[in-house]
Structure formats: C-alpha cells, structure tokens
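First comes the structure, then the notes that go with it.
The sequence lines fix the lettering, A, B, ..., with proteins before strands; numbering per chain opens at 1.
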Amino acid sequence: MRLFAFIVFALSLFSSAKASTEPDEKRLYGRVVDASTQEGLFGASVFAEGLKRGTTTKLDGSYSLLLPKGAHLIRARFVGYRAKEIRIELSSDMRLDIALEPDAIQAPEITVSTDRDKDRLLESTQSLDVMTKEDLDAHRGQTFGESLKNLAGVSLLQTGVSIAKPVVRGLHGQRIAIMNAGLKQEGQQWGEEHAPEIDPFAASEVQLLRGAASVEYGADAIGGVIRSEPKPLFSSEGLRGEVFVNLFANNRQGAVSGYVEHSFSSGFGFRLQGSWRKAGDSFASNYILANTAFSELSGSLMLGLKREWGTATLYCSRFAAELGIFRGAHLGNFSDLARAIERGEPPTALQQISFAYAIGLPRQEVAHDLVSLRFAFAPFSFGAFSLDAGFQLNRRKEFDAQRSAVARLGIPSLNLTLATTSLDAKLRHKPIGDFIGTVGVSTSAQFNDVGRSLAYLVPRFRAFSVGAFIREEIPMNAASLNAGLRYDARLLWASPRVFDQSVQRQIFINERRLFQAITASAGAVYQFSRSWSIGLNVGTAWRPPSINELYADGVHHGTGQYEVGDRNLRVEKSYGIDATLRRQSARLELEASAFYNRFSGFIFLEPTGLIQSLRGFFPAHRYAQSDARLLGFDGTLRYAPFEFLRLDATLSLIRGRNLDREEPLINVPQDRLRAIAHVHLFETESVKDFYLELGATAARRQTLVPFVARDSIAQPNRLIAGLFPEMTEADALARYDRILRLLTLAPPGYVIWELNAGATIRLGGTSLKIIVSAQNLFNARYRDYLSRFRLYADDIGRNVIARVQLPFGSS
Amino acid sequence: MRKLVSFLASLATVASLSLAQIGCGHEHDENKHGNITTLEVILTDGSTTIRAKAVDLDGDGGNPPRVDSLFLPAGRSFSGRIELLDESKNPPQSRTEEIRRDADTHRFRFSVSGGAQGRVIVSNLDRDSKGQEFGMRFDLRITSGAATQGSLRITLEHHDTGDKSAGIFDTDIDATFPVLIGASAIASN
C-alpha cells in the first residue's frame with residue numbers, strides 16, 4: 001500500500017513537471033573550429049558546466065543551445081583537441097565561436113561515451129548512470145557495492161554488511177563486468193559471498209551501463225558494466241590532497257582514507273592513496289549479529305606521464321580485507337540447516353554475545369593486487385590509440401568454523417589464487433565519411449591455483465582468451481546510430497576432480513575446453529524534441545560457464561549445500577533489447593528504460609535432492625542450463641520545482657522466468673522504489689550548500705519465487721525419513737516439506753527511511769565538507785530477499801554515519 | 001621515453017615476482033588434515049566386544065556412507081568408546097586424539113529411536129575440562145525384553161564458543177546405526 005502511494009507520488013511529480021513552464025531561456029549559437037585551419041569540427045561537444053546541458057556540433061561545426069539567462073561556463077571538447085572553457089554572461093541570444101587547438105597529447109580515453117560533458121540526450125543508446133566524485137563522497141558505503149545501491153536497476157546480494165555483490169537488472173557475479181582502472185576485475189566472482197575486491201574510497205567516478213555490452217567489454221557483460229575509475233591525474237598542478245573520515249555508529253566502524261597528488265609542469269604526476277577501515281559486529285534492530293566484524297587496508301599509487309607522443313599511466317593498487325561471516329548462518333549439514341530455518345532467528349545465546357572487533361570463525365581473507373599500465377596516444381593522423389596492459393593477483397582464503405582445530409593451524413577450507421594478465425588495444429579512428437568508431441583486440445591469460453586447503457570445491461585451471469571487435473557510430477544532428485560486432489574465444493585447461501565409477505573413488509583428470517561466441521549490437525538514439533530523446537538498443541552477450549559451474553564438487557563454505565558442476569555445459573548467450581526515454585531540462589531530468597533479455601543456455605543451480613556422507617545429509621544442487629528471460633523497467637527522475645527543493649526517485653522492476661522449468665528465476669530482486677527530497681537550506685559567508693534530505697526506500701515482497709516441492713526431486717521417502725531418525729516417516733516428511741517452503745519463501749516487503757544533512761564549511765583557505773546521515777532511521781526490522789542471511793537473521797538496524805572530507809594544498 | 005621503459009620494467013618485475021609466488025604450486029593435498037572417514041563404536045563388558053563402523057571413504061559426495069548394524073544383546077551393560085579414523089590413508093590414521101584434545105568444544109550426542117527406544121540407555125558420558133559432557137566414552141545398557149529393532153544416532157557437535165548449553169553448534173559427524181536387539185549376545189567382528 002505504501003508502495004502504491006509512492007508510485008502515485010512519483011507519477012504526480014512527473015505530470016506536474018510536464019505542466020510547469022521553462023524559465024526564461026536564450027539561445028547560444030556559433031561554430032567550433034580548428035584553430036589552425038578554421039575548418040568546422042563535426043561532432044564536438046559544447047555544453048554548459050553545472051547545468052549538464054549541451055549539444056554536439058553539426059557537419060559544418062555549428063551548434064545551437066538554449067540556456068537560462070545568466071552566467072555560464074561553456075566548455076567545448078573534441079577528440080584530439082585541447083578542451084576550452086569560456087565564461088559568458090547570457091542576457092540575450094548570443095553568438096560564440098570557439099577555436100580549438102589540436103592537441104596530440106590529449107588522446108582521450110576510449111570508453112562508452114559517459115562523459116557528463118556530452119549532451120546527455122544523445123549520450124548513449126543504452127541506459128547509463130554516472131556517479132560523480134561528489135555523489136560518491138556523499139554515499140560512499142562500507143563496501144564498493146553499497147556505494148552503488150541507490151542507482152536504479154541496482155540491488156545488492158548481501159552476505160552481511162561486509163560482503164555486497166552488485167546486482168544489475170537481476171544479474172550478478174559472472175553476468176556483469178566490473179572494470180577497475182581500465183581492467184576487467186578478475187577475482188573469484190562466481191561465489192555469491194565473493195564481493196568485488198575494490199576499495200570504496202579508490203574510485204572517483206563510477207559509471208553504470210545497463211544491459212548487454214559484450215561488443216565492447218567482452219564476455220560477462222550480460223547484465224551491464226560497472227566502471228570504476230580512479231581520479232585522473234593532471235586535473236590541477238601543484239601538491240594537493242584530501243582526507244576522508246567516515247564513522248558508522250551501527251558497527252562502531254572507523255574508516256580513514258586520503259591521498260596526496262602532485263602534477264608537475266614537466267608533465268609528470270603522481271598520486272598516493274590509502275584507506276584503512278575497522279568495523280566491529282553489526283546490530284540488527286533487536287540483536288547483535290555475531291562475528292560480523294571486518295577490516296580493510298588498501299592503497300594505490302598512480303604515476304602519470306604526459307608527453308608530445310601521448311600519455312602513460314601506471315596504476316598499482318592493493319585491496320586487502322578480513323571479513324567475519326555471521327556465526328548464526330554457518331551450518332554443518334541439513335540437520336543444522338533445519339534447526340536454523342525453523343528457528344528463523346539467531347540462537348538466544350548468540351543474540352546476547354558481547355560486541356567485539358575480533359574476527360572469529362568463519363571468516364574470509366581476501367587480497368587483490370592490480371597493476372594497470374595505460375597508454376593513450378595519437379601516433380598518426382587516423383585517430384586516438386590506447387593500450388592497456390594489466391596484471392591482477394587475487395588471493396582468497398575462507399576458513400570454516402567446522403574444524404576449528406584445523407583452522408587454528410591456518411589451513412583454510414577454500415584457498416584460491418587467481419592470476420590474470422591482460423592486454424587490450426583500441427583505436428578510435430577519425431571520421432571516415434560519416435563514420436566514427438573503435439576497433440580493438442584484447443587478450444588475457446589466467447592461472448588459478450588451489451592451495452593447501454581442507455576440502456575440494458573448484459579445480460586449478462589455466463585459461464587463455466582472445467577477442468576482437470569493431471564498433472561504428474554515425475552521429476547526426478539530432479540522432480546517432482551505432483552497430484558493433486565482436487568475436488571471443490576462451491580456451492580452458494582444468495584439472496577437476498571427478499568420481500570414477502570403475503574404482504569407486506574420486507580422481508583428478510585433465511581436461512581442455514574451448515568456448516567461443518560472436519556477439520553483435522546495434523543502437524539508435526533520436527532527439528525528438530528540445531528536451532526529449534529516445535534510445536533503442538539490441539544486442540547479444542555471452543559468457544563461458546564459470547569454473548564452479550563446470551567443476552564444482554563439494555560443500556560450499558558453511559552453507560550446508562552440496563554443489564556439483566556439469567563438465568558439459570555450453571556457453572550462455574543472451575539476446576537483449578532495451579528502450580530508453582530521456583528528458584533533460586533545467587527542472588526535470590528523467591531516464592526511464594524498459595528491457596527484455598532472453599537467454600539461451602542460462603546456467604542455474606537445480607536442486608537434485610539429498611546426498612549423504614559421514615557428516616550427515618546435505619541438500620544437493622547441480623548446475624544445469626535452460627532457456628530463461630528477464631524483463632523489467634528502471635527509471636530515475638530528478639525534479640527541481642523550486643530553487644531550494646529537489647526530488648529524486650528511482651524505480652526498479654524486474655521479472656525473471658526459467659522457461660524450461662516454467663517457474664520464476666531465483667534471487668530476482670524485489671520491486672523497489674526510492675524517493676528522496678533534497679532541501680537546500682541556506683548559505684552564508686562561511687557555510688556553503690547546507691542541505692537536508694529525507695528519503696525512503698520501499699521494497700515489495702518478492703512473490704515470484706521458484707518453489708521446490710518434495711515430489712519434484714526424485715528420492716525415496718525412506719531417505720528423507722533418514723534426516724530425522726527420531727520421527728515417524730509421516731512426521732519427517734511433513735517437517736521436510738515445511739523446511740522446503742521456508743527455504744523458498746521470500747520475506748515480507750519493507751519501507752526504510754533515511755535522513756541526511758550536509759554542509760561545506762569554509763575554514764581558512766580550505767573547505768570542510770560534513771555529512772551526517774541516518775540509514776534505517778526508525779530502526780525497522782526487515783529482511784531483504786537478496787540477503788543471504790534472510791533465513792537466519794534480520795538485516796541491520798539504524799546506522800548513523802558521519803562523513804568528513806577535508807581537501808588541502810593548492811586547488 | 002626512458003620513463004616509459006622503466007614503467008614497463010617495473011610492471012614486468014611485479015608480474016614475475018607474483019607469478020613466482022604462485023608458480024611453486026602445491027599439489028592437491030586437501031583432506032590431509034582433519035579428515036575423518038570413519039566413526040567406530042566399540043562396546044566391551046570384559047568378555048564381549050561389539051564393534052560397528054560408519055565409513056565414508058570418498059568424503060562428501062560420491063557414495064553414501066556404509067554403516068554396520070549394531071547387534072545388541074538384551075539385559076547386558078557395556079562400557080563404550082568412540083574411535084575416529086581416517087581410513088583414506090594407508091595405513092589408516094587415528095583422529096581420536098585430535099578430537100579428544102578439543103573435548104571442550106565437542107560433544108557426542110546419542111539418540112535412540114524405533115523399537116530400541118527405552119531399551120538402549122546411554123549414560124555416564126565422560127566430561128571435558130569444564131565438567132561439560134563430552135561423550136567419547138560412555139556406558140550403554142540394554143534392558144531385558146523381547147527382540148526388536150531401531151536405531152542409534154551418534155552426532156558429533158562442534159560448539160565453537162565452548163559453552164555447550166548455548167545451543168550454538170555445527171554438526172561435524174552424523175551417523176545413524178541400525179540397532180538389532182537380540183535375546184542373547186552376538187559379537188560382531
């Protein structure tokens with residue numbers, strides 16, 4: 001009901017916005033030309049900083065832009081030219097010609113065109129969101145994933161507070177690509193409790209591209225792409241830096257981060273950045289969540305060189321974290337699972353445990369080292385060239401509570417080391433006729449080592465991947481068309497453990513598999529009125545089956561669930577179509593996107609019954625493939641009816657279905673609406689931008705869940721009765737049915753509130769930014785459907801967060 | 001350009017160092033530690049020894065465990081103990097002492113059901129250093145009466161907080177032995 005009220009609220013905003021009139025606007029027009037030849041530059045962007053309004057030039061370099069009266073900072077940019085900023089005072093229609101100097105150095109990054117600079121309306125044929133440094137500073141979470149949770153279409157698959165996997169349009173893990181400093185982040189991302197190993201403080205810009213993007217990003221970019229970029233060097237000269245302090249009351253967490261950077265006029269620059277975080281146990285509204293403490297120590301070094309031939313950037317980063325896993329969700333076997341589910345809450349003794357920063361068992365130790373070396377240059381006249389070389393080393397150790405004697409000896413249950421080297425080369429060519437575009441090749445080599453560990457889950461493997469793509473674009477006055485094509489191959493050598501029937505035991509074998517796919521995409525965006533555009537995109541995406549889907553054979557870390565891979569899995573392919581409607585005006589910004597994603601060979605975990613060992617019974621699952629579809633809607637609305645008031649809303653709706661099994665897909669995020677009112681309070685000489693925000697997130701109960709019935713799994717009743725030898729067979733079956741039902745049902749919907757206040761205070765030569773925010777303001781009890789602890793404990797209660805940010809040095 | 005070369009050199013160094021670190025790989029040596037394939041119940045009364053094993057040589061997955069039946073003579077009392085073994089090794093290794101050393105965080109639990117309920121009584125469990133029940137050694141008594149059958153379930157609970165009354169535990173072992181109560185003693189093995 002409350003959700004309904006929100007929708008009405010959002011819709012009424014939308015309709016009233018349509019009725020409101022534009023403020024007094026004037027026309028800014030002129031030409032953007034090459035300073036040396038005076039030739040018009042086609043496709044250059046001209047936009048008003050701060051307003052996020054702009055346009056691109058026509059064939060002859062001309063442009064025209066409507067802007068409100070007053071002072072503006074106009075910026076013009078074009079590939080291979082130095083950007084130019086001009087201050088203007090717009091009182092009537094005005095002509096402004098801009099001459100740009102060719103700049104061999106400035107070979108811009110080749111990315112999806114996500115610069116806010118470019119006209120938002122024609123920016124992309126796909127749905128796109130950008131979190132700027134300011135957004136990130138205000139919402140930086142306890143984890144990288146949590147920083148993104150307010151974006152439309154994003155949910156979090158959480159294993160407690162410390163582990164949050166971003167879910168984009170219902171897909172996560174191996175089905176989204178996370179780019180970190182230009183490299184595809186390669187960890188053990190197949191695991192539901194394996195979060196991206198990225199320091200939330202390291203990113204200064206995060207871009208979210210929704211929908212399939214395999215053509216540019218290769219395998220895995222099925223649900224979308226998250227790009228995390230460190231702050232670019234050379235934004236200003238001289239020595240400067242920033243210090244961040246974040247305090248989280250709920251788990252008495254302190255996080256400190258800072259950087260110093262220096263750009264020299266000689267064209268050399270560096271940045272040294274570090275973060276430290278220590279968190280104790282979290283609290284749900286009524287009880288402590290035992291053993292949820294975590295700590296993180298991360299750092300990065302960035303070196304940059306700017307010369308006539310181009311730029312070179314070296315980025316080295318290390319992320320290291322130790323994470324406690326909620327003790328109440330750790331399970332030995334089915335009997336433990338049954339007890340925990342039937343209780344539904346942590347055991348009383350566990351609820352009364354005292355708060356600690358100590359991390360006990362179970363726990364994870366994760367370290368991720370990343371080195372990226374990026375070159376950007378324009379060697380010849382035909383375009384801008386970029387070369388990214390990367391090396392990543394991911395180490396993951398997971399310690400079980402089961403045999404603490406062994407864990408004390410330092411032997412983990414899971415001990416994996418994944419090394420990835422990659423090389424990507426891209427050329428963004430100068431216009432050829434009406435075409436501008438990019439061609440690229442990428443290669444990567446991977447090595448996964450299984451260290452000394454207690455149990456087998458996935459094998460060691462080597463893999464080699466290659467890919468090549470071309471993507472061309474035809475920019476037009478009020479439209480843009482693009483199309484792309486890509487080929488990828490991945491060769492895998494693995495040494496899995498299999499059960500040999502002839503000798504009746506498990507043996508290791510060597511196996512080679514080749515996965516390959518051709519993907520294509522096409523898109524169009526059309527600006528059909530001054531402030532509206534519509535984009536349409538069709539695309540295919542793919543991914544090879546991940547290592548656990550092929551070869552898993554074991555009980556996964558404390559989940560009490562036995563997973564078996566299928567060596568014969570094929571590649572998973574997706575065929576997606578999405579349409580995006582955008583409005584961009586001074587008072588109203590809107591992006592609404594509908595999508596349909598059809599899968600062939602969708603890989604999922606299928607329950608297969610119970611298996612028995614000396615440890616007892618385990619629910620067994622096997623990886624299987626079928627046709628599936630996902631469809632949904634995500635929208636972002638920003639409406640500023642008055643100078644002092646801004647209303648933001650995001651809505652995400654997703655439906656997923658397994659077409660072969662004729663049932664809903666599991667773990668599809670619940671419908672979610674977030675609305676927030678931002679009130680700009682006042683401004684004085686020493687206090688700038690003092691604001692207050694009140695917001696709410698409403699999530700509807702997920703009713704579309706796959707139901708596993710006893711009858712759907714072939715197993716004798718006698719076996720089920722063996723689960724509970726103390727009960728009669730009829731009682732045991734009834735109890736088993738009840739447990740299956742509890743396992744699949746989603747928790748009720750919820751509404752949680754937040755209150756935020758912030759201000760920038762001038763202090764001498766610098767300005768201190770302070771934000772205080774209360775999440776889950778009313779300490780509501782709730783459980784999100786995507787919380788992996790939803791069967792055992794509530795999600796966290798009220799969390800009051802204080803953020804202080806202090807820049808220093810030359811600005 | 002020279003800086004560029006040194007960039008590349010440092011990258012190569014970092015890469016090769018890291019590769020060297022993981023290059024000296026370990027063999028798959030899982031199950032070398034802490035693996036228990038076998039739980040054996042041994043009952044003696046001075047003249048008779050009764051043994052029954054639950055064995056799962058291939059660990060989780062593969063085949064289900066093989067469990068012996070316990071043939072128990074009515075009207076007799078035994079002192080019992082539990083042996084834990086890793087029989088996937090040659091020769092088999094005992095894990096009994098490893099768990100005994102961790103007596104403070106472990107507890108064997110016995111539950112009797114079916115026709116054996118009320119006929120098989122497990123008592124006098126040995127204690128850990130804090131006086132809490134451990135149960136690796138115990139007394140087992142079979143009351144007199146007609147022949148019947150049922151089961152004896154033996155679980156090994158791992159209470160990592162050390163407080164066995166808190167109810168916070170994982171199950172390390174869960175084995176259910178079929179029990180056949182006969183009129184007279186039948187010594188197995």
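Residues B:Lys164 and B:Glu133 are not paired through a salt bridge, judged by the lack of any N-O separation under 4.0 Å between the basic side chain and the carboxylate. Under 4.0 Å is where a charged nitrogen must lie from a carboxylate oxygen, and between B:Arg66 and B:Asp68 at least one such pair does.
Of the atoms belonging to B:Thr37, it is backbone heavy atoms, and not side-chain ones, that fall under 4.5 Å from chain A. Contacts between B:Ser165 and chain A at a heavy-atom distance below 4.5 Å are absent for every atom of the residue. Only the side chain of A:Ile611 comes within less than 4.5 Å of a heavy atom in chain B; its backbone stays farther off. When heavy atoms are compared at a cutoff of 4.5 Å, A:Pro725 approaches chain B by way of both its backbone and its side chain. Contacts of A:Phe618 with chain B are made by side-chain atoms alone, with heavy-atom separations under 4.5 Å and no backbone atom involved. A:Leu723 touches chain B through its backbone: at least one of N, CA, C or O sits under 4.5 Å from a heavy atom, while the side chain does not.
When B:Val67, B:Asp56, B:Thr176, B:Val112 are compared by the number of non-hydrogen pairs under 4.5 Å with chain A, B:Asp56 comes out ahead. With chain A as partner, the option from B:Ser113, B:Pro65, B:Ser111 having the largest number of non-hydrogen pairs under 4.5 angstrom is B:Pro65.
A donor-acceptor contact closer than 3.5 angstrom is absent between the side chains of A:Thr417 and A:Arg395.
Within the 3.5 Å criterion, the main-chain N or O of A:Val498 finds no donor-acceptor partner in the side chain of A:Asp553.
For the pair A:Arg339 and B:Phe169, the distance from NZ or CZ to the six-membered ring centre is under 6.0 Å and the angle to the ring normal is within 45 degrees.
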Given side chain to side chain contact (heavy atoms under 4.5 Å, CB included), test A:Leu610 with A:Ile720 step by step and report yes or no. CA-CA 8 Å; A:Leu610 294 163; A:Ile720 298 167; 4.3 Å; yes
